[in-house]
Amino acid sequence: MGLQALFFYLFAFIAVASAFMVIAARNPVYSVLFLILTFFNAAGLFLLTGAEFLAMILLVVYVGAVAVLFLFVVMMLDIDFTELRAGVLEYAPIGALIGLILAAELIVVVGGSAFSPEIAKGIAMPIPAPSERTNTAALGDVLYTHYVYFFQIAGLVLLVAMIGAIVLTLRHRQNIKRQSIPQQVARTPETAVEVVTVKPGQGI
């Protein structure tokens, strides 16, 4: 057994075990920590296949943003997960149906590549060997040449989704004083100054 195969089985075993602990752990904080461990081992598997760009994206995006943010939210909100799990059995049939659909899709993809190896030869833009072109450079060649318009459209969709989420969740509080530039510019001496006649011996 070579060193690469040894690391593959090590990363794969830890990733599967930690993924199981994500759904088996009773404490949600432990579940998030096991999820982060799963992402790290998945990144190690990507590195073994020569996909260093996907490994870094997995660490930066999922571990550095999604998982850590979810961990902070779980720790700060102190949600009662016992109450949330009370009705989980009601959604078990829907979850089982979705799981069967995903399993069928995986079987179709893996079975198609295993029983029909000639499918891989029909790829229009095959992946170059890591010795000839690095994975990051090969992805850049594809994204910014043949699929540059689709890449820009995906960015616009994400921008619109972000703006929509901000608009839907933004709430203006009524009892807070805010600056209004048009009102300040439109002020006149009559509206800005109030002349009060004070009688001798009286205050304002």
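The chain is numbered in sequence order, starting from 1. Source: prediction; values computed, not measured.
Put simply, OH on Y147 and CD1 on I153 are 13.5 Å apart, with the number rounded to the nearest 0.5 Å. E105 contributes atom CD, which lies 5.5 Å from atom CG of L102 (distance to the nearest 0.5 angstrom). Here the CG atom belonging to L143 is positioned 10.5 Å from the CD atom belonging to Q152, to the nearest 0.5 angstrom. Rounded to the nearest 0.5 Å, atoms OG1 (T38) and CG (L58) are 10.0 Å apart. In this structure, the separation between CG on L45 and CG on L10 is 9.5 Å, given to the nearest 0.5 Å.
Of all heavy-atom pairs spanning L35 and V22, the tightest one is N-CG2, 3.5 Å. The heavy-atom pair separating Q183 from R187 by the smallest distance is O-CG, 3.0 Å. In this structure, Q4 and L48 approach most closely via the heavy-atom pair NE2-O, 3.1 Å. Across N41 and L37, no two heavy atoms sit closer than the pair ND2-O, 2.6 Å. Here the closest heavy-atom approach between residue A55 and residue F46 is recorded as CB-CB, 3.8 Å.
Linking Ile, Leu, Val, Met, Phe, Trp and Tyr residues whenever their side-chain heavy atoms come within less than 4.5 Å places L54 and M56 in a single cluster. Cluster membership for F11 and L3, using ILVMFWY side-chain heavy atoms within less than 4.5 angstrom, is shared. Neither V148 nor V142 shares a network with the other; the hydrophobic side chains, linked directly or stepwise wherever heavy atoms of I, L, V, M, F, W or Y lie under 4.5 Å apart, form separate groups for each. Hydrophobic clustering of Ile, Leu, Val, Met, Phe, Trp and Tyr side chains at less than 4.5 Å, counting indirect connections, keeps F151 apart from L158. Under a hydrophobic-cluster definition in which Ile, Leu, Val, Met, Phe, Trp and Tyr are linked whenever side-chain heavy atoms come within less than 4.5 Å, directly or via other members, I163 and I166 are assigned to the same cluster.
Residue pairs satisfying the ring pair (Phe, Tyr, Trp, His ring centres under 6.0 Å) criterion with at least one member in residues 14-41, sequence neighbours excluded, are listed as follows: F39-Y62.
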